[in-house]
Every structure is written in structure tokens, then in C-alpha cells.
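The next block holds one structure in the form of C-alpha cells; read it before the comments.
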Protein chains: 2
Amino acid sequence: MKNEAEFRDFLLNGHLYYVPHVSIDCAIFGYHDQQLKLLLIRNRFVNGWCLPGGYILRTETLGQAASRIVRERTGVDNLFLQQFKTFGDPDRAQISKFDEARWFELTGLRDGKKSWLIDQTISVGFYAITDFSKTVLHTDFISAETAWFDIDRLPRLEFDHDAMVKEAMHTLRLQLYHYPIGYNLLPAKFTLTEIRALYETLLGKKLDVSNFPKKLIALGLLNKLSEKRSIGAHRSPHLYSFNKTRYNQALKEGIVLS
Amino acid sequence: MKNEAEFRDFLLNGHLYYVPHVSIDCAIFGYHDQQLKLLLIRNRFVNGWCLPGGYILRTETLGQAASRIVRERTGVDNLFLQQFKTFGDPDRAQISKFDEARWFELTGLRDGKKSWLIDQTISVGFYAITDFSKTVLHTDFISAETAWFDIDRLPRLEFDHDAMVKEAMHTLRLQLYHYPIGYNLLPAKFTLTEIRALYETLLGKKLDVSNFPKKLIALGLLNKLSEKRSIGAHRSPHLYSFNKTRYNQALKEGIVLS
DNA sequence: TCTTCATCTAGTAATTTTTACTAAATAACG
DNA sequence: CGTTATTTAGTAAAAATTACTAGATGAAGA
């Protein structure tokens, strides 16, 4: 959605190529240096912060739509997106709040309430994690701003997106115990302390300095490299990389992390 | 949907009180005496077996809709329904298969392809477990037949419902390890062998005769009663009941079953 | 009545996993 | 070269899981 012409066509004819009444919203978590952030956009129409979201093309699967939406709206590409829950409470979109005057001001169109967009919508929630330091954000006609927010300093979100974030976080943490993560969140070579810090940040709690890395190694997820990293006036920790075979197997079959 | 008049109104005006493009499908598992079954309906229009499904009223939450749909279509009431996944592949409904002649024969309406029903639909999947011996099935205008099928003798299902069942089963088994079940599946008083058989049937594998019940007791889920059950020429096993307090707590907080 | 038999279940031993703790190795700095 | 903070191997203690044994039991049948 680059310009007003495209946007006008979307408003008038969108229902022909998108599935009406169904949207997708994505909770994109970003990690870097023990900081956990969430990607939000400020929607030009509701004038508040939301999860990046959009509609499903009639030719797409839900996963493909989620991928495209995040790419278009935020510039973040190639994410591992995971469906977590679908939201459909009748009051979630708060159609009653619709402001006809503001709609006209922004779109130049009358009869906003008859638009295919302004009707009850069920939303499929996806979540993902990425390294926020590697992303290049951009905006489009709908998202006036795109930004990473500290996970414990989020603004109030529009619609039911607060509940979505809570649910996404809950699912993410449950899944952390059953599936490996880190492949796109850490450099190719990392220390045991770095991967432990990653898990601690995502889980929001301390893990054992010695036992947790041993568990990862016992599961066969890590390859010990001969190189070391220099960290100043301390013993240099070994570098590790992921054992890609074992990692992918764990993604399929699941693991048990204590 | 009791009669043709109601059904005709549904065809013509359904989009006014239902949310178009979104449906709900329910995988209702039934347990009794070490048998696991699945509730299916034979849909009068596609002329094949499907999961019971329907549309969402514009005033309902997803959960309320799922409850109502199962009650209306099958007669089973008051189920604990759990959302498990949303399905939206563009080819899942196989609109291409639509048969205009058959549509006219059944509905007396021309222009079937313009109906709000015959358009791409995204479906939210719910699952539940109940005691099939306690249910009283009935049919309606859409479901020509309603029946319990043995889980390993299912007929080929229409649409993508085979995949839905597989996914529902997968989620159910994962959740069995984290949440207690049995409250509506066993009599108020039951033996350790009976509850073990329940878990064995649902998980599809053998559990230790001695250790598994000990685990349930250790978790505080069971009350030992003073009564016993007579099972013929053998030692009479003790009867147990659920500790409702601990059971509900486990539902909220989760447990770990080995 | 007494033996037989299949099942239930308490008890415990063996094993594995988890958790807690100790101390040696080490790299850079002053 | 001693100091210092960190990494990490190693092991001991505790807990949980799994495997196994044997007595208890209730009814059927001799």
C-alpha cells in the first residue's frame, strides 16, 4: 500500500481480491542484547498503536498472508511465523466507535459504514521472534509509524490487541520448553552465556549458569567450536554454533527443556 | 435449522445475522469403555461425512458459536470446547466442485454461486471430549445423519476435515500431558484401572499399571473412597473420585504427567 | 471349606534426571 | 605477577521416574 491511489482501490475493490471479515494480526517479538521488544505500528486511521495486521488474499494460505503482511507493513522479511489463536469477540473491533467525519477527511469517501472494511472482523493471531538489530523498518500508507517498543513499556494498544499480545507471549513461553529457538536471534557463533541470556530474557526468569547450557549440549543442539571469544579481563568462553541437523529435528519432534 | 422455511431464510438472508466467510468446525471425541470415537455428520449438500460445523452469529463469541453449533447440529450440549487451530488454505473448500444442478434440486434456488455461502471460507477448529454413551444425537435440515465413528475406522471426510481431525488429535494429546481430563468421561466413582484405561485410549499407548495411578494420586487429583467395586473372581479395586478443588486448580495452572 | 487364579496395589530397588554446589582454569588488567 | 571476574568441568545430593516383587484379595470352582 504505497500511495493514495492504491489505497483508494483497496477501499473500493478490496473485497474482490481479499477475503472480507477475516484479518491477520502479528505479534513480532524482537530480541537483542538481553532486551525484548515488540513491533508496533501507529495506524493512520485509528490513530493509535496496533499490532501489524492486514487481510488475506483469496489466493493465499494464512501463513503466506501473515508473511506478506509483515513484510509490506514493516519491512521485516522471512520470519518464522506461528499461528497462536483466533479472536472473534463481537465487540473486539468496536465498530460503534467509527467516526464518519474522520473517515471522509482521510479517504475523501462518504458512506464509510458501507465499506467492506467496516464490518465485524475475525482475526487470526500469529507470533514470531526476530533480532531487532537486523531489521530495517519502513512505513506505508496505513502505518504512519513503525517502531520497536520495550516489552514492559508498551503503550495502550487499540482494539483487543493488548489481549493478543498477552496470549502470544503465553504461547511463546510454552513453546520455548518444547522447541528450540535462537537460530535467527544469535550470531552464527555464540557463547553459552549468550544463549542462556536469550532464554532468560524470553522466559522472564533466571536459569542455572552451569546446568542450563549442559542441558542444551546434552540435547545435541550445539557444536563446540575451537575458537573463543575475548570478553576482557576474564576467562575466554568457547564459541558454539547450532547443530542444524539436530536443531531441525528438534523443531519437528519437540524437546523437553527444564 | 429445523425445516425448509428456516433453511431458505438462512440461504437468502444468513449474511445479515452471520459473519460471512468464517465458519467453525468441531472435532468432538467420544470415550466410553476404552473406545474412542469421533462425531460426524453427513452433510445433505456435499453428500459426504464432515465434522459438525456452522457459522458465527454477529452477536456471539467464537466459543459461544461453537457451543451452539454442536448443540443444534448434534444434540450434544455443555461441552468443554477448546480452540485448536484456524484453517484457511484457498483450496480447502473446493469451490470448483460446486454443482449448480444439485444446488437447485435441494434449495429450489438459481444462482447458487452468488450465495454468500459459496465463497471462500476460513474455518476455526474446536475440539472436545465427551462420554458418547451419554449423548442423544439428532439431525437437522443440513445434517442428514449424525453418528459416532470408531477413531481408527473413519470414513474419508470432505473438505480438509481429515487434516483437521489429525491436528485436533495432536493438540488433544499434547494437552493431556498438561491438563487433567476425565471429569465428564468417567462415572463419579471409578477405579484406578478405569482412569488408566481412559488415558491409554486417548494417548494411544500403554501406561504403567502401578506407577501411573500413583502419579495421579501424588498430584492430589484423586480422593480414595472407602467403597470398592466388585469385578468378579479377583481382588476388588478401591473406588476413587476426583478432588474437584485440585482438579480445577490443575486445569488453571497445568500439571506435568509423565 | 479350601484351593486356585487373576487382578490390585503397597513397597522397594534400580536407574535416570534434576538441582545444588565446589573448585580449577583462564584472560586481561594494574 | 597477583588480583579478579567469569567460565566450565566435575561431583555430590536430592528428586523423580521406572522397573520389579510379592503379598492382599475376592470370587469361582473343586
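Labels below follow one simple rule: chain letters A, B, ... track the order of the sequence lines, proteins then strands, and each chain is numbered from 1.
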*Partners of T74(B) by side-chain hydrogen bond (donor to acceptor under 3.5 Å, both in side chains), sequence neighbours excluded?*
none
*Who passes side-chain hydrogen bond (donor to acceptor under 3.5 Å, both in side chains) against K85(B), sequence neighbours left out?*
none
Per-pair distances, 0.1 Å, donor-acceptor, side chain in residues 161-172 of chain A, under 3.5 Å, sequence neighbours excluded:
unit_1: H161(A); atom_1: ND1; unit_2: L51(A); atom_2: N; d: 3.0
unit_1: T171(A); atom_1: OG1; unit_2: E167(A); atom_2: O; d: 2.9

*If you walk 5' to 3' along DNA chain D, what is the first nucleotide with an atom under 4.0 Å of a heavy atom in chain B, and what is the last?*
dT17(D) to dA28(D)
Applying side chain to side chain contact (heavy atoms under 4.5 Å, CB included), name anything that partners [X], two or more places apart in sequence or on another chain.
X: P213(A); answer: L192(A)
X: H178(A); answer: H178(B)
X: T201(A); answer: Y31(A), Q34(A), L36(A)

Going by salt bridge (Lys or Arg N to Asp or Glu O under 4.0 Å), name the pairs with one or both residues in [range], residues two or more places apart or in two chains.
range: residues 186-205 of chain A; result: K189(A)-E227(A), E194(A)-R229(A), R196(A)-E200(A), E200(A)-K206(A)
range: residues 243-258 of chain B; result: none
range: residues 124-139 of chain A; result: none

*Taking protein heavy atoms under 4.0 Å as touching, what does nucleotides 17-24 of chain C look like 5' to 3' if B marks base contact, S marks sugar-phosphate-only contact and - marks none?*
-SBBB--B
_Rounded interatomic separation in angstrom, taking CD1 from I231(B) and C1' from dC8(C)_ = 7 Å
*Spacing of L222(B) atom CG relative to dT9(C) atom P, expressed in whole Å*: 12 Å
*Do Y247(B) and Y183(B) have ring centres separated by under 6.0 Å?*
yes
*More 5' along DNA chain D: I217(A) or A233(A), using each one's nearest nucleotide?*
A233(A)
*Listed in order of residue number, which residues of residues 188-205 of chain B have a non-hydrogen atom at under 4.0 Å from DNA chain C?*
L192(B), T193(B)
